[in-house]
Each structure stands twice: as C-alpha cells, then as structure tokens.
Participant: 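My structure is below; once you've seen it, I'll send some questions.
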Amino acid sequence: MVRTPCCKPELGLKKGAWTPEEDQKLISYLNNHGEGGWRTLPEKAGLKRCGKSCRLRWANYLRPDIKRGEFTEDEELSIISLHALHGNKWSDIARGLPGRTDNEIKNYWNTHIKKRLIKKGVDPVTHKSLISETSKSENLPEILNNQNIIQTIITINE
DNA sequence: AAAAATAACAACCGCGCGAGG
DNA sequence: CCCTCGCGCGGTTGTTATTTT
C-alpha cells in the first residue's frame, strides 16, 4: 500500500521559513497543552502547517532548554568522540550534549567538522587516518581502538 | 564593484519502528 | 497475532549569507 503523504495537500498548508507570529502561536499552544498530538496540533493551534513541521520547529528552535550559538571546543570534541562510537546516530549523540539537538549537531558535523577532518586526512566515517593507516590494529573493533579517536581529536585541534 | 562560487543553516521528505486497536 | 498510524530519525534540499575571483 502506498503511503499517503503525512501532510495532505489539504489546501493552504504553509511551508518554508517560520514567521515570528507562527512561532508565537506554537509556543503558546504548547505552553498550555503539553507536547504531543502533533498530527492534530496545527489545527488546534490555528496554524496552517503540517504537524511534522510544527514538531521540528519546536524541537530545534522554540524549546526553552536549547542552547544557542556557537559550539564550544568541548562540545566539538564530544561530538567527534561520540560520533566515533555511534556513527551517524545523531539523536544518541545529542543525548550526550545537553541543550543541543540532533539536527543542529548533524548540520554542524556536515558543514564544519567533516570538511575539516577530510582536510586533515582523517576519514570522517571511520575516524581513521587516511594517510598512514597501514600498520594500525585494523582487526580490533572500532570502539576499542581509541587511537582513532585520539588521533582525530589531536588532528582537529590544529 | 559585480558576479560567481562556496558555506551555513533552517527546514523538508520518506522510511522504519513501536504502540495500540 | 496482524494491521494501522503517528512519531522520530537521518539524509537531503532550498535559501540566504559569505567569500572568492
């Protein structure tokens, strides 16, 4: 069976950037009622959005407990080591970084860290050095091979 | 100074999973 | 038990800002 799009083309559903007015509606609705019921929330809150869009907006920008702004060096190192352990499990990584969301971390990884690792000759997937890979303990499980993480951290630190 | 290229970031999309019927 | 449905996830795109030529 074909999965119908979660956000039906039911006229006038807005997409794209959120306006301050929309944010306000969403915030006040969620303050009064709790989270949850995303499917039917937009209508109740008077928003011309699909529930998914509302959820994302809340989770990544409007929630009161989100830290904004630059990632600190510590946070960056955390991301790198957690990524070495978990791979692209952004939500897992986010749990290790209070106030940061999976989406934010994912973005940061893709736009900042990945690029720099590559430049430094470190494979962003395996966290192994691409240049003198050869003689290292390749047979160990990745997780046990702390060398990779250490190497990565040293490298990223310039 | 203007255009082109690249980076940054917010948001969208489809899919899988688990809860409830 | 099987089937349906919403939620959350991860990959990806679209748009704006910044940098380079």
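Quick note on labels: first sequence line is chain A, next is B, and so on, each numbered from 1. FYI, side chains are in, hydrogens and waters are out, and symmetry mates aren't considered; it's all heavy atoms of this structure.
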Participant: To the nearest Å, give me how far apart CG (A:N110) and P (B:dT6) are.
Facilitator: 18 Å
Participant: Distance check, rounded to the nearest 0.5 Å: A:F71 atom CZ versus A:E76 atom CD?
Facilitator: 9.0 Å
Participant: Please pick, from B:dC9, B:dA7, C:dC9, the nucleotide with the shortest atom-to-atom distance to any side-chain atom of A:D102.
Facilitator: C:dC9
Participant: Measure the distance from CG on A:L26 to P on B:dA10 and round it to the nearest whole Å.
Facilitator: 16 Å
Participant: Between A:E22 and A:K48, does any side-chain N to carboxylate O distance fall below 4.0 Å?
Facilitator: no
Participant: Would you confirm whether A:E75, through its side chain, and A:T72, through its main-chain N or O, come within 3.5 Å as a donor-acceptor pair?
Facilitator: yes
Participant: Rounding to a whole Å, what distance do you find between A:H86:NE2 and C:dC9:P?
Facilitator: 14 Å
Participant: Assess whether one donor atom and one acceptor atom, taken from the side chain of A:K106 and the base of C:dG11, lie less than 3.5 Å apart.
Facilitator: yes
Participant: For C:dG11, does either OP1 or OP2 sit under 4.0 Å from a side-chain N or O belonging to A:W90?
Facilitator: yes
Participant: I'd like to know if A:K15 reaches the base of C:dG14 with its side chain such that a donor and an acceptor end up less than 3.5 angstrom apart.
Facilitator: no
Participant: Please report, rounded to the nearest Å, how far the C1' atom of B:dC9 is from the CZ atom of A:R57.
Facilitator: 12 Å
Participant: What is the distance, rounded to the nearest whole Å, between atom CH2 of A:W58 and atom C1' of C:dG8?
Facilitator: 17 Å
Participant: From the list B:dA11, B:dA8, C:dT12, which nucleotide is the closest neighbour of the side chain of A:N103?
Facilitator: B:dA11
Participant: Which nucleotide sits closest to the side chain of A:R39: B:dA11, C:dC9, C:dG6?
Facilitator: C:dG6
Participant: Which nucleotide wins on minimum distance to the side chain of A:K52, given the candidates B:dA11, B:dG14, B:dA8?
Facilitator: B:dG14
Participant: Identify whether any heavy atom of A:G51 sits under 4.0 Å from a base atom; if not, whether one sits that close to sugar-phosphate; answer base, sugar-phosphate or nothing.
Facilitator: nothing
Participant: Can you tell me how far the CG atom of A:N110 sits from the CD1 atom of A:I105, to the nearest 0.5 Å?
Facilitator: 12.0 Å
Participant: Quickly work out the A:L30 CG to C:dC7 C1' distance and round it to whole Å.
Facilitator: 15 Å
Participant: Looking at A:T111, I'd like to know whether one of its side-chain N or O atoms comes within less than 4.0 Å of OP1 or OP2 on B:dA7.
Facilitator: no
Participant: Measure the distance from CH2 on A:W18 to P on C:dT15 and round it to the nearest whole Å.
Facilitator: 18 Å
Participant: Looking at B:dA11, B:dA8, C:dG8, which one has an atom nearest to any side-chain atom of A:R55?
Facilitator: C:dG8
Participant: Determine whether a donor-acceptor pair (N or O, by modelled atom type, separation under 3.5 Å) exists between the side chain of A:S53 and the backbone of A:R49.
Facilitator: no
Participant: OP1 or OP2 of C:dG8 sitting under 4.0 Å from any side-chain N/O of A:R95?
Facilitator: no
Participant: Can you measure A:N60 atom CG to C:dC9 atom P for me and round it to whole angstrom units?
Facilitator: 10 Å
Participant: Hunt down the Watson-Crick or G-U wobble partner of B:dA1, both distances under 3.5 Å, from any strand shown, or write none.
Facilitator: none
Participant: Starting the side chain at C-beta, find the nucleotide from B:dC9, B:dC12, C:dT12 nearest to A:S53.
Facilitator: B:dC12
Participant: Base, sugar-phosphate alone, or nothing: which one does A:R68 contact when heavy atoms must sit under 4.0 Å apart?
Facilitator: nothing
Participant: Among C:dG10, C:dC9, B:dA10, which nucleotide has an atom closest to any side-chain atom of A:N107?
Facilitator: B:dA10
Participant: Choose from C:dT12, B:dA11, C:dG8 the nucleotide whose nearest atom is closest to any side-chain atom of A:L56.
Facilitator: B:dA11
Participant: Would a 4.5 Å heavy-atom cut-off, applied to side chains only, mark A:W58 and A:I27 as touching?
Facilitator: yes
